[in-house]
Amino acid sequence: MSEEISTTPTTSFPRLNEPAPDFEAVTTHGTIRLSDFRDSWLILFSHPADFTPVCTTEFLAFTEIYPELQKRGVELLGLSIDSVYSHIAWTRNIEEKMGVKIPFPIIADLDKKVATLYGMIQPGESKTETVRAVFIIDPKGILRAMIYYPLSTGRNMDEILRLIDALQTSDQYQVATPANWRPGDKVIVPPPTTTEMAEERLKAGYECVDWYLCKKTLG
Ligand code: BEZ
């Protein structure tokens with residue numbers, strides 16, 4: 001018989017474009033606070049459990065993109081509801097068996113404090129493990145993007161890098177990015193909010209399908 005799932009959320013989840021919930025946590029690199037990441041971008045991500053196959057492939061993949069993230073001023077911080085000893089044993093095992101040293105800290109969230117604060121435990125998926133959540137936090141501590149994957153699906157690192165590139169491009173040039181955008185592609189000029197702006201933009205030399213959909217090349 002299938003278990004009944006409550007439709008009432010038990011916690012309030014963080015929201016986009018609001019300050020990311022602050023925390024202090026024990027990690028594999030010592031005690032870390034969210035505020036330690038002021039002035040850099042941060043990807044805070046959760047995985048269901050140490051010593052599990054999909055999570056192991058994700059840790060290898062996060063480590064592979066780590067140099068690209070650092071070029072973009074982005075730090076990584078992992079989390080699961082495991083002890084710091086489990087994290088140490090797992091990352092040592094990854095290094096021993098797969099030759100890959102995990103370069104970023106991992107929160108040992110045994111009391112589920114950070115997981116609860118960020119809505120990483122979603123009982124429909126698992127009552128005891130965190131889902132595969134990704135929170136992108138900007139240098140001012142504002143939550144800019146969230147992605148949630150189920151336990152069965154490993155995350156796509158290209159999409160995570162693409163999302164960072166899109167957010168940083170939007171911030172730098174005050175533009176939006178279209179579906180499937182990649183760095184170098186045309187960007188979207190923000191929609192006009194007055195009739196005058198709508199008329200002006202048609203004369204501005206953008207590539208417009210109509211007044212509400214205009215693209216331009218950056219640079
Ligand atoms: C995994 O990482 O392989 C995994 C973790 C929890 C549930 C299912 C798969």
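For ligands, and for the atoms within them, numbers begin at 1 and follow the listed sequence. For reference, positions follow the sequence shown, starting with 1.
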Which side-chain N or O atoms in residues 189-208 pair as donor and acceptor under 3.5 Å with protein atoms at least two apart or in another chain?
{"residue": "T194", "atom": "OG1", "partner": "M197", "partner atom": "N", "Å": "3.0"}
{"residue": "R201", "atom": "NH1", "partner": "W211", "partner atom": "O", "Å": "2.8"}
{"residue": "R201", "atom": "NH2", "partner": "V189", "partner atom": "O", "Å": "3.3"}
{"residue": "R201", "atom": "NH2", "partner": "P190", "partner atom": "O", "Å": "2.5"}
{"residue": "E207", "atom": "OE1", "partner": "K186", "partner atom": "NZ", "Å": "3.4"}

Residue pairs fulfilling ring pair (Phe, Tyr, Trp, His ring centres under 6.0 Å) with at least one residue in residues 128-186, sequence neighbours excluded:
Y118-F135, F135-Y148
Residue pair P139 / S40, side-chain heavy-atom distance below 4.5 Å
no
If we count only N and O atoms by modelled type, under 3.5 Å, do the side chains of H47 and S80 hold a donor and an acceptor together?
yes
For Q70, what residues pass the side-chain hydrogen bond (donor to acceptor under 3.5 Å, both in side chains) criterion, not counting sequence neighbours?
Y66, E75
Donor-acceptor pair, side chain of D82 and main chain of D50, under 3.5 angstrom:
yes
For ligand 1, what N or O to protein N or O distances fall under 3.5 Å?
{"residue": "ligand 1", "atom": "2 (O)", "partner": "T52", "partner atom": "OG1", "Å": "3.0"}
{"residue": "ligand 1", "atom": "2 (O)", "partner": "V54", "partner atom": "N", "Å": "3.1"}
{"residue": "ligand 1", "atom": "2 (O)", "partner": "C55", "partner atom": "N", "Å": "2.9"}
{"residue": "ligand 1", "atom": "2 (O)", "partner": "R132", "partner atom": "NH2", "Å": "3.1"}
{"residue": "ligand 1", "atom": "3 (O)", "partner": "P53", "partner atom": "N", "Å": "3.3"}
{"residue": "ligand 1", "atom": "3 (O)", "partner": "V54", "partner atom": "N", "Å": "2.7"}

